[in-house]
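Chain A is the first sequence line, chain B the second, and so forth, proteins listed ahead of strands; every chain is numbered from 1.
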There are 2 protein chains.
Amino acid sequence: MAPDITIPVSDAGDEGQARPPLDERRARVLRAVVEEYVATAQPVGSQTIATSRELGVSSATVRNDMTVLEREGYLVQPHTSAGRIPTDRGYRFFVDHFERAPGLPPAQRRTVSDFFTSAHRALEDLLHETGQLLANLTQHASVVVGPASDAAVLRSVQIVSLQPGLALVVGVLSNGAVEKEVLHLEGEPSEGDLARAGTALNAQLHGSTLAGLPVSEPTGDLVVDRCVLVARDALAARVAGQLEPLYVSGVSRIAMEQGSYGTVDGAARLLELLEHQAVVVSLVRGLLDHGLIVRIGAENEREELRDCSLVLAPYVVEGEVVGSIGILGPTRMDYHRALAAVATVSQQLGRSLHT
Amino acid sequence: MAPDITIPVSDAGDEGQARPPLDERRARVLRAVVEEYVATAQPVGSQTIATSRELGVSSATVRNDMTVLEREGYLVQPHTSAGRIPTDRGYRFFVDHFERAPGLPPAQRRTVSDFFTSAHRALEDLLHETGQLLANLTQHASVVVGPASDAAVLRSVQIVSLQPGLALVVGVLSNGAVEKEVLHLEGEPSEGDLARAGTALNAQLHGSTLAGLPVSEPTGDLVVDRCVLVARDALAARVAGQLEPLYVSGVSRIAMEQGSYGTVDGAARLLELLEHQAVVVSLVRGLLDHGLIVRIGAENEREELRDCSLVLAPYVVEGEVVGSIGILGPTRMDYHRALAAVATVSQQLGRSLHT
DNA sequence: AGCTAGCAGTCGAGTCTACCGAGTGCCAGC
DNA sequence: GCTGGCACTCGGTAGACTCGACTGCTAGCT
């Protein structure tokens with residue numbers, strides 16, 4: 001259904017010194033090593049490549065090329081007399097130069113479009129399920145950062161009485177999100193007071209953003225004013241301390257891929273990182289403006305992400321970047337597939353939020 | 001602050017054949033084995049117990065007792081000539097018979113009461129943070145199941161227009177939860193129509209539970225009726241397919257305690273289980289009516305929980321059980337501490353929701 | 001100049017052995 | 001009924017050895 005995906009991967013590392021452009025065959029060797037290693041998780045030797053790939057050269061030649069690739073920093077040997085495995089730079093070259101999107105396999109493509117054409121849901125549910133979709137497609141953990149509600153406009157504000165002295169202020173935002181906060185009201189105002197306060201509050205705040213709430217104006221009724229004030233401040237306080245909503249899915253994948261992360265507890269530390277909403281959100285937001293992006297291993301500042309790669313894409317609604325989605329997996333991941341999945345899903349998500 | 005916790009642990013297993021009541025000293029030996037094993041994670045030998053615990057008997061005697069305890073099914077040896085480790089039955093005896101609540105250590109007790117006396121939050125946030133609190137206290141993964149919204153009463157229903165043809169129906173419930181659903185409206189009704197529909201809807205549904213929404217009555221205006229119908233059905237559909245809200249925290253702990261679970265991927269399977277909201281909710285709800293409860297290892301039907309223990313407690317608001325909280329850890333856990341933590345937190349949570 | 005074949009060297013992983021020590025079971029004696 | 005003592009078991013560790021998958025290098029070929 002969707003047209004072929006074009007994947008303008010932006011180069012994350014600023015790379016400093018220019019390397020000599022890789023000779024054609026060497027590049028093919030590098031590619032072969034990456035693909036083989038991703039497939040098998042074993043260091044790959046010269047012979048494997050010379051025979052299984054049609055390069056038309058002998059293993060000795062491949063060996064020579066590998067020596068060069070290692071000197072240039074694209075490959076390493078875990079130890080002498082083992083095969084080679086790609087370095088972060090090796091993966092980086094792979095992503096940057098062998099970008100020929102095979103697109104998503106048809107079955108997955110169907111899954112995605114089925115998902116988005118099926119019944120619409122409330123914003124939160126949609127984002128959450130999108131995360132699960134992505135995790136299933138890629139078999140990696142996924143993160144989805146939702147739109148910040150401080151940019152959206154209040155469509156409605158109301159005060160609902162729960163119990164005497166306890167009420168809820170509920171604000172409905174133009175993006176379909178709902179913000180609410182509990183109010184403890186002194187003096188137990190009557191239902192009538194609350195209703196008046198709700199009306200006044202709605203009149204005053206309607207149309208403004210959560211980040212820019214106007215100060216409340218007196219109505220003349222002291223009790224009502226008091227309620228309005230409390231409610232307004234509660235809303236303002238809420239948004240102040242608030243983060244973009246975050247949805248993390250597929251964390252069990254991290255435990256399964258354990259072997260691919262450094263030590264046993266490398267995975268545990270990753271899981272812990274993912275539990276810190278604030279950290280993850282700021283991490284993802286920091287990469288928001290770069291389009292479809294890949295962060296490989298040590299390109300991530302965070303120590304915990306040293307053995308991980310991040311594939312992220314923003315999603316765009318009405319021409320505005322409102323959030324981003326992505327996956328988190330071991331550096332040894334299938335980048336083509338991951339990029340295709342993240343790109344397609346982010347596009348479709350944006351489109352699906354459009355209407 | 002809180003009075004001493006009384007812990008009426010209900011026996012989960014129905015135990016079938018009565019065992020001969022354990023001789024006093026043997027019980028002490030069993031207890032020592034459990035405590036030692038929980039502390040060290042190593043099979044414990046007769047000598048360790050004979051010396052470090054003041055039982056006043058020699059290691060040979062302890063050995064004899066252990067043989068008996070093993071024959072009775074309270075202990076096992078991982079292999080000949082290793083120390084003993086408790087079986088599920090051993091833990092069960094431990095929990096049932098050595099119940100002397102040491103309460104929470106003072107520091108933790110303070111943490112808990114600070115938590116609950118600090119600023120009140122919206123229901124969802126409170127539950128989520130309570131889960132984190134519990135995870136921190138016990139160092140295990142925690143689950144919190146929130147109140148089902150189908151029992152709560154609608155305090156307010158409104159329809160908010162988002163874009164032409166798109167609106168949101170928002171229902172505020174007496175327990176402070178908010179349910180909402182997106183409406184796709186054909187024929188793009190005017191704002192006025194929507195407002196009228198909202199008023200009509202509120203009048204009709206106010207006071208009823210989500211599970212028992214009355215059928216909508218015609219108002220005479222076709223457009224308005226149509227909106228009311230769509231909105232009512234959306235709300236009804238939403239609650240139909242809906243589960244109690246679930247908050248899972250501290251999953252990284254599972255990865256850390258890995259060793260305590262069977263194989264490496266035992267932990268992975270646990271994590272996966274916890275991602276299936278429906279499964280976890282039904283699991284927890286199934287145990288809701290039993291008060292503070294401990295489920296040890298194979299007492300859990302679920303294969304994945306074979307090496308885990310579950311400590312659960314309902315929380316009570318206005319005399320009604322509305323949800324439950326608990327932790328999930330390896331069978332080798334500190335049950336006294338876990339029970340104390342879960343009991344205190346559940347009580348305080350209930351109390352905190354009361355007002 | 002570039003590729004290849006062949007060979008020597010390296011090192012991890014697996015296997016085998018021996019050994020140590022923690023812990024048991026059992027028995028005879030107090 | 002408890003204890004000391006003794007023989008026995010078996011997991012875990014360390015060392016030696018082999019195997020095999022690699023590499024690097026060099027000489028020779030195209």
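- Within 6.0 Å of atom CD in B:Gln47, 12 or fewer heavy atoms from other residues, nucleotides or ligands are found, so the atom counts as exposed in its surroundings.
- Note on A:Arg84: a side-chain N or O is less than 4.0 Å away from OP1 or OP2 of D:dT23.
- Once rounded to the nearest 0.5 Å, the distance linking CD of A:Glu35 with NE2 of A:His336 reads 7.0 Å.
- Remark: the B:Arg71 side chain and the C:dG25 base include no donor-acceptor N/O pair separated by less than 3.5 Å.
- Distance CD1 (B:Ile49) to C1' (C:dA22): 14 Å, rounded to an integer number of Å.
- Residue-environment remark: CZ (B:Arg332) exceeds the threshold of 12 foreign heavy atoms within 6.0 Å.
- Residue contacts for A:Gln47: at a heavy-atom cut-off of 4.0 Å it reaches no nucleic acid atom on any strand shown.
- Straight-line distance from the CD atom of B:Gln77 to the P atom of D:dC8: 18 Å, rounded to whole Å.
- The residue B:Ala82 sits close only to the backbone: its heavy atoms come under 4.0 Å of sugar-phosphate atoms, none of a base.
- Atom CG of B:Asn64 and atom P of D:dG1 are 11 Å apart (whole Å).
- A sub-4.0 Å separation between OP1 or OP2 of C:dT4 and a side-chain N or O of A:Thr61 is present.
- The distance from atom CD of B:Gln42 to atom P of D:dG12 is 10 Å, rounded to the nearest whole Å.
- In this structure, of C:dC11, D:dG24, C:dC26, it is D:dG24 that holds the atom nearest to the side chain of A:Glu70.
- Whole-Å rounding puts the B:Met66 CE to D:dT3 P distance at 15 Å.
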Next item on the list: For B:Arg31 and B:His97, run side-chain contact (heavy atoms from CB on, under 4.5 Å): C-alpha distance rounded to whole Å, both residues' side-chain angles, the deciding distance at 0.1 Å, then the answer.
Entry: CA-CA 9 Å; B:Arg31 171 177 201 162; B:His97 293 79; over 6 Å; no

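- Residue B:Thr67 is classed as a sugar-phosphate contact, given heavy-atom separations below 4.0 Å to backbone atoms only.
- Relative to the side chain of A:Ser58, the nucleotides D:dG5, C:dG25, C:dT4 differ in distance, and C:dT4 lies closest.
- Here A:Ser46 reaches the OP1 or OP2 of D:dT23: one of its side-chain N or O atoms lies under 4.0 Å away.
- Across all strands, A:Thr80 comes closer than 4.0 Å only to sugar-phosphate atoms, never to a base (heavy-atom distances).
- No donor-acceptor pair closer than 3.5 Å links the side chain of A:Ser142 to the backbone N or O of A:Gly326.
- In terms of polar N and O atoms assigned as donor or acceptor, the side chain of A:Arg26 never comes within less than 3.5 Å of the base of C:dG2 in a complementary pairing.
- With hydrogens and angles ignored, no donor-acceptor pair under 3.5 angstrom links the side chain of A:Ser81 to the base of D:dT23.
- If you measure from atom CD1 of A:Ile85 to atom C1' of D:dC22, you get 14 Å, rounded to the nearest angstrom.
- Of the candidates C:dC26, C:dT4, C:dC7, C:dC7 carries the atom nearest the A:Arg63 side chain, counting heavy atoms from C-beta on.
- Picking from D:dC10, C:dC11, C:dT24 the nucleotide with the shortest atom distance to the side chain of A:His79 gives C:dC11.
- Summarising the geometry, the separation between CD on B:Glu24 and P on D:dG1 is reported as 15 Å, rounded to the nearest angstrom.
- In this structure, the side chain of B:Thr87 engages the main chain of B:Gly73 through a donor-acceptor pair within 3.5 Å.
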